[in-house]
There are 2 protein chains.
Amino acid sequence: MTATLTHTEENYLKAIYKANEKTKEAVSTNMIAQYMNTSPASVTDMMKKLSTKGLIIYERYKGSRLSSEGSKSATSVIRKHRLWETFLVQKLGFSWEKVHDIAEELEHIHSEELINRLDDYLGFPKYDPHGDPIPSADGKFTLREQIIVSQLNIGEVGVLVGVKNHETSFLDHLNKCHISLGTSIAILDKSSFDKSLQVHIDNDHQILLTHEVSKNLLVRKS
Amino acid sequence: MTATLTHTEENYLKAIYKANEKTKEAVSTNMIAQYMNTSPASVTDMMKKLSTKGLIIYERYKGSRLSSEGSKSATSVIRKHRLWETFLVQKLGFSWEKVHDIAEELEHIHSEELINRLDDYLGFPKYDPHGDPIPSADGKFTLREQIIVSQLNIGEVGVLVGVKNHETSFLDHLNKCHISLGTSIAILDKSSFDKSLQVHIDNDHQILLTHEVSKNLLVRKS
DNA sequence: ATATATTTTTAGATAAGTCTAAATATTTAT
DNA sequence: ATAAATATTTAGACTTATCTAAAAATATAT
């Protein structure tokens, strides 16, 4: 058991894992196709294969969900991705908007000893450079109290603990606004018209956050 | 140009590079098949492909050699392999006999920025944990005076600077003999019958090195 | 120099992952 | 409840990298 999977198989499992995080239900073929940026027909082919291997539970026209073994594999890939991202930022000095694509490759290096030694080397971090929780060697996530910044009321203050979008363009935008993990965000005003937020950043400067931006910002109330 | 190559293409280029290091001539299809542990027929197919891409010069029945672009790619893969091995040993505490297979995977991660930052992080090492020279970012190797230990005369002393075999079983054997990079080896006697060497290790203990072992030990005369 | 052995290439198949177009199932709307 | 819209699967084809078996070229030995 725990046979070696191809990069593609691992990517499909990861996609199902992430899609299921949102919907909490069996994931549709179309949704997986979107995540994988491929055609629904290709997804169907792969679902049959992963199903035969016992990694997912798949029913024609009903969607797919991870088996416990598939879930273990997906979690392992996510662990590798997040530990490598942490390494790239903390040790090699990359900035957070440049590490995603490199980690997409590194997450498929198979050695468990490697990733466990890396974990140790980094001091067993609980969160990666985007604030996502890093599963431990036994697959456990460390969760925390967090809300989307727009859920704060006027007058309340939050500290940025994570971002829901990892695209370079989004993170570059945050860099321009001097927003990074640990930044404090105080709500000055909320527009009910366009859902934008007028905020005070680090008690230093005022800016407007569009809904497109704010919906991707996770904060801890402070 | 400098299009992204598949793992397999990179491995073929590396095989041709290494085979050519020995023969200095065009490399035969059979020899590449041995290096790649595959069939000559598969090699022929790949030679046509690499030739079309301008990475090798291939003539039917005459063998293959790297073009300057192919040589650049091969050197880049070797650089990655050796830097990752250095990282695994120096930073993650792996011992030298366990790093080869992991580095075989890591060498195919494509980011040049990654490998250059890693190089910097490691302090621009000139040699890897097996004593092989690490090409710099511009492809230059740092060579050094070295001979095979059996070329020393009785009474002479050498310091181990490299090994020509990276197999776990060979390196494990050296570990048992307490031989590692930097170990001093003094020649006490040489058998002309089986080419074995009686040696003194680190002025500490005497052992017999079979030809099978000694032909893989590179030393600097001291 | 000619037969034999060796090396290399060609021919035809297979498996993984992908595609488009067509067929089928399910959902939604009236 | 039936038609229309949407989602999913099937069918058939393509690419990459591999294989075995057979054919062709080259090298070797007497």
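Below, each value reflects all heavy atoms present in this structure, side chains not excepted, and no hydrogens, waters or symmetry copies. Per chain, numbering begins at 1; letters A, B, ... match sequence-line order.
- Among the atoms of the strands shown, only primed sugar atoms or phosphate atoms (P, OP1, OP2) are found under 4.0 Å from some heavy atom of B/K48.
- The interatomic distance linking B/I32 (CD1) with D/dT18 (C1') rounds to 16 Å, in whole Å.
- Comment: A/E113 engages A/R117 in a salt bridge, judged by a side-chain N to carboxylate O separation of less than 4.0 angstrom.
- Regarding contacts with the backbone of C/dT10, a side-chain N or O of B/R60 is found under 4.0 angstrom from either OP1 or OP2.
- Within the 4.0 Å cut-off from OP1 or OP2 of D/dT8, at least one side-chain nitrogen or oxygen of A/N30 is found.
- Put simply, CE on A/M46 is 10 Å from C1' on C/dT18, counting in whole angstrom units.
- By the 30° and 60° cut-offs, the orientation of the rings of A/Y121 relative to A/F87 is tilted.
- Of the residues in residues 38-45 of chain B, those with a non-hydrogen atom less than 4.0 angstrom from any atom of DNA chain C are B/P40, B/A41, B/T44.
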Contacts table for residues 168-177 of chain B: side-chain donor-acceptor under 3.5 angstrom, sequence neighbours left out:
unit_1: B/T168; atom_1: OG1; unit_2: B/E97; atom_2: O; d: 3.1
unit_1: B/N175; atom_1: OD1; unit_2: B/W96; atom_2: NE1; d: 3.0
unit_1: B/N175; atom_1: ND2; unit_2: B/E97; atom_2: OE1; d: 3.3

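- In terms of modelled atom types and a separation under 3.5 Å, the side chain of A/R82 and the main chain of A/P135 share no donor-acceptor contact.
- Here the closest non-hydrogen pair linking A/I179 and A/L160 is CG2-CD2, 3.8 Å.
- For D/dT10, neither phosphate oxygen OP1 nor OP2 lies less than 4.0 angstrom from any side-chain nitrogen or oxygen of A/Y61.
- A straight line from CE of A/M31 to P of D/dT6 spans 17 Å, rounded to a whole angstrom.
- Residues from residues 7-29 of chain B lying near DNA chain C, meaning a heavy-atom separation below 4.0 Å, are B/S28, B/T29 in numerical order.
- A/R79 and A/E112 are not joined by a salt bridge, as no carboxylate oxygen comes within less than 4.0 angstrom of a charged side-chain nitrogen.
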